[in-house]
Amino acid sequence: MAEIRIENLRKQFADFVAVEDLSFTVADGEFLALLGPSGCGKTTTLRMIAGLELPTSGKIYLDGEDVTFNRASARDIAFVFQLFALYPHMNVRKNIGFPLLSQGLPKAEIKARRRDGKAPADQPYP
Ligand SMILES: Nc1ncnc2c1ncn2[C@@H]1O[C@H](COP(=O)(O)OP(=O)(O)O)[C@@H](O)[C@H]1O
Ligand SMILES: [Mg+2]
């Protein structure tokens, strides 16, 4: 199960309110897109869910557990950054393998999980 529940979330940067009284639930298996004009608080909301930003008030529950003040590393959640998500000095293969390397996985295991190998001629690597 992977339910996300947000209750009355608010984020204020000094006297500027970026997110105000936001509540919603994303059910297990449900796909939710946040749509809105630039600056309306989408990224700030996602950063709070991932634990990269602390809310000013409100609650965040993952699978019913209150994670509002848990560190990002203590939440079982991933975040794909909009920009600058890749290490520029690494190629695609190394970027994909880096999180596994950081977890101490042996190189053979990384290779297997990354499905290294020659692509079929009709399906070249992008
Ligand atoms: N660290 C910050 N300090 C001050 N203001 C911020 C900060 N992060 C975001 N904001 C402001 O909060 C508002 C919402 O930003 P953001 O969540 O990035 O919007 P969106 O992703 O919807 O475009 C914007 O006005 C932005 O300038
Ligand atoms: Mg954004």
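Indexing begins at 1, ligand by ligand and atom by atom, following the structure's order. When reading the values below, keep in mind they use all heavy atoms of this one structure, side chains included, and skip hydrogens, waters and symmetry mates.
Other residues, nucleotides and ligands contribute more than 12 heavy atoms inside 6.0 Å of the CG atom of D28. Other residues, nucleotides and ligands contribute more than 12 heavy atoms inside 6.0 Å of the NZ atom of K42.
Both I77 and L9 belong to a single network of hydrophobic side chains, linked directly or stepwise wherever heavy atoms of I, L, V, M, F, W or Y lie under 4.5 Å apart.
Electrostatic pairing of E109 and K111 does not count as a salt bridge here, judged by no charged N lying under 4.0 Å from a carboxylate O.
Contact annotation: the side chain of D66 never approaches that of I60 to less than 4.5 Å [non-hydrogen atoms, C-beta and beyond].
Near ligand 1, F13, F16, A18, P37, S38, G39, C40, G41, K42, T43, T44 each place a heavy atom less than 4.0 angstrom from the ligand.
Because its NZ or CZ atom is both nearer than 6.0 Å to the ring centre of F13 and within 45° of the ring axis, K11 counts as a cation-pi partner of that residue.
Under the 3.5 Å distance criterion, the side-chain polar atoms of R71 are left unmatched by any main-chain donor or acceptor of L52.
Distances under 2.8 Å from the Mg ion (ligand 2) pick out the protein N/O/S atoms T43 OG1.
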Checking side-chain contact (heavy atoms from CB on, under 4.5 Å) for the pair V26/E3: CA distance, chi angles, key distance, verdict? CA-CA 6 Å; V26 188; E3 183 198 76; over 6 Å; no

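The structure places CD1 of I6 at 12.5 Å from CG of D21, a figure rounded to the nearest 0.5 Å.
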